[in-house]
*Asks:* 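Take a look at this one; I'll ask things after.
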Protein chains: 2
Amino acid sequence: MTKPTEDPLALERQVCFALVVAARSVLSIYRPLLEPMGLTHPQYLVMLALWADAPLSVGEIGTMLQLDSPTLSPLLKRLESAGFIIRRRSDVDERQVIVELTPQGRDLREQALRIPPAVVARLGMSIPDLEALRESLTQVIAASRRADASEPTS
Amino acid sequence: MTKPTEDPLALERQVCFALVVAARSVLSIYRPLLEPMGLTHPQYLVMLALWADAPLSVGEIGTMLQLDSPTLSPLLKRLESAGFIIRRRSDVDERQVIVELTPQGRDLREQALRIPPAVVARLGMSIPDLEALRESLTQVIAASRRADASEPTS
DNA sequence: CATTTTTAAGTAGCATACAATTAAATCGTA
DNA sequence: TACGATTTAATTGTATGCTACTTAAAAATG
């Protein structure tokens with residue numbers, strides 16, 4: 001029974017504040033689980049994309065993860081020096097860089113299978129609650145994308 | 001009617017992926033609105049905390065925003081050189097640094113009042129939907145904090 | 001009262017994100 | 001076919017976040 005504030009700038013009313021803190025909080029649960037695998041969370045997301053559908057171009061990974069080349073390029077370099085992926089220029093279109101899994105990168109999937117259940121266990125939230133949250137977040141993502149699309153280009 | 005995948009590592013099933021992308025997407029809506037004020041989103045959050053309850057120590061801001069001193073220190077320096085805040089050592093406890101608003105920082109609140117409605121407008125989501133989302137996120141934050149608290153300390 | 005422990009900020013180093021720019025390859029079209 | 005426009009990555013520079021460590025001050029303890 002918290003008294004509702006009328007202040008529109010109250011921290012506890014800001015959806016984006018809740019969003020940012022929730023993301024950071026959940027990431028802090030992933031971190032110790034991913035660390036033994038030698039992956040950060042963004043790197044883990046790239047690996048998820050590759051396990052689902054390798055090989056992928058940098059651009060395709062960017063579309064799937066909503067990340068740009070300035071973020072992906074150094075990240076992919078680190079994944080390559082870790083031995084999980086290989087990057088090569090496409091023969092068909094030399095502008096594109098194709099990202100492929102190494103056997104080592106493929107093998108990592110085995111360990112990754114333990115991550116989602118471990119996260120759910122540590123969170124202690126019900127699967128339906130998490131499902132509902134994911135649906136809700138997907139709506140926000142769609143809404144944001146619409147907003148971006150209609151933004152006036154200078 | 002998307003066919004549900006049985007793959008537990010499918011990107012579209014990862015709550016944390018949705019969380020991270022949603023946060024980034026909504027931030028991209030704030031960015032052009034905050035830029036004319038000369039604020040980034042984390043800086044905006046610090047200002048919200050100060051508008052609500054200045055003066056605050058660095059530690060108090062960290063508690064409210066769930067941020068540590070390594071993040072806050074440089075951020076506060078930038079807010080200070082922008083002329084929005086002043087930092088001074090506490091007289092009572094010289095370990096603490098007290099953050100105070102400048103008149104300029106106080107005045108900025110006027111412009112900030114336009115931010116929340118502008119974000120809601122651009123998102124195009126209903127207030128009840130946003131409220132429900134915020135509630136849901138607050139649950140996740142609480143769950144994460146419990147998980148962190150119970151984490152075995154090495 | 002002296003020493004140890006704890007606490008509050010800050011610094012150093014690393015890994016994202018993002019805006020702006022660059023470089024190279026491809027495409028479209030005259 | 002030549003050439004300007006577009007596309008794909010990468011690079012540069014700035015601002016978070018986080019881990020590990022440092023410094024200084026306050027608190028606790030013998």
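Naming convention: chains lettered A, B, ... in sequence-line order (proteins, then strands); numbering from 1 in each chain.
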*Asks:* Please check if the side chain of Arg109(B) supplies one atom and the backbone of Met47(B) the other of a donor-acceptor pair under 3.5 Å.
*Replies:*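 Absent.
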
*Asks:* Quick one: closest heavy-atom pair of Gln111(B) and Met37(B), and the distance?
*Replies:*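 Looking at all heavy atoms of both residues, the closest pair is OE1-CG, 3.6 Å.
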
*Asks:* Do side-chain atoms of Ser90(B) reach the backbone of Val97(B) as a donor and acceptor pair under 3.5 angstrom?
*Replies:*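 Looks like no, no N/O pair under 3.5 Å.
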
*Asks:* Determine, for nucleotides 13-20 of chain C in 5'-to-3' order, which nucleotides have protein heavy atoms under 4.0 Å from the base (write B), from only the sugar-phosphate (write S), or from neither (write -).
*Replies:* --SBBBBB

*Asks:* Reckon Val99(A) touches a base, only the sugar-phosphate, or nothing at all at heavy-atom distances under 4.0 Å?
*Replies:*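 Nothing: the residue Val99(A), judged by heavy atoms under 4.0 Å, touches no strand.
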
*Asks:* Hey, which sits more toward the 5' end of DNA chain C by its nearest nucleotide, Arg95(A) or Leu72(B)?
*Replies:*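 Here Leu72(B) is the residue nearer the 5' end.
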
*Asks:* Got a second to check how far Ile85(B)'s CD1 is from Ile98(B)'s CD1, nearest 0.5 Å?
*Replies:*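 If I round to the nearest 0.5 Å, the distance is 12.0 Å.
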
*Asks:* Determine yes or no for a side-chain-to-main-chain donor-acceptor pair under 3.5 angstrom, with Ser136(B) supplying the side chain and Leu133(A) the backbone.
*Replies:*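 A pair under 3.5 Å: no.
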
*Asks:* Rounded to the nearest angstrom, tell me the gap between atom CZ in Arg87(B) and atom C1' in dA8(C).
*Replies:*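 From Arg87(B) CZ to dA8(C) C1': 13 Å.
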
*Asks:* Just by distance, do the side chain of Arg145(B) and the backbone of Ser25(A) share a donor-acceptor pair under 3.5 Å?
*Replies:*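 No, Arg145(B) side chain to Ser25(A) backbone: no donor-acceptor pair under 3.5 Å.
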
*Asks:* Rounded to the nearest Å, what distance is computed from the CD atom of residue Glu94(B) to the P atom of nucleotide dT6(C)?
*Replies:*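 Answer to the nearest Å: 23 Å.
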
*Asks:* In whole angstrom, give the distance that lies between atom CG of Asp93(A) and atom C1' of dC27(C).
*Replies:*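 Checked: the CG to C1' distance equals 10 Å.
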
*Asks:* Let me confirm one number: the CG-CD distance from Leu9(A) to Gln14(A), rounded to the nearest 0.5 Å.
*Replies:*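 Taking CG in Leu9(A) and CD in Gln14(A), the distance rounds to 6.0 Å.
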
*Asks:* Walking along DNA chain D from 5' to 3', note the first and the last nucleotide with an atom under 4.0 Å from a heavy atom of chain A, and give both.
*Replies:*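 First and last nucleotides in contact are dT7(D) to dT19(D).
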
*Asks:* Can you tell me if Arg78(B) uses its side chain to pair, donor with acceptor, with the backbone of Gln43(B) under 3.5 Å?
*Replies:*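 No, Arg78(B) side chain to Gln43(B) backbone: no donor-acceptor pair under 3.5 Å.
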
*Asks:* So does Ser69(B) get a side-chain nitrogen or oxygen closer than 4.0 Å to the phosphate oxygens (OP1/OP2) of dA9(C)?
*Replies:*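 False: Ser69(B) side-chain N/O out of range (4.0 Å or more) of dA9(C) OP1/OP2.
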
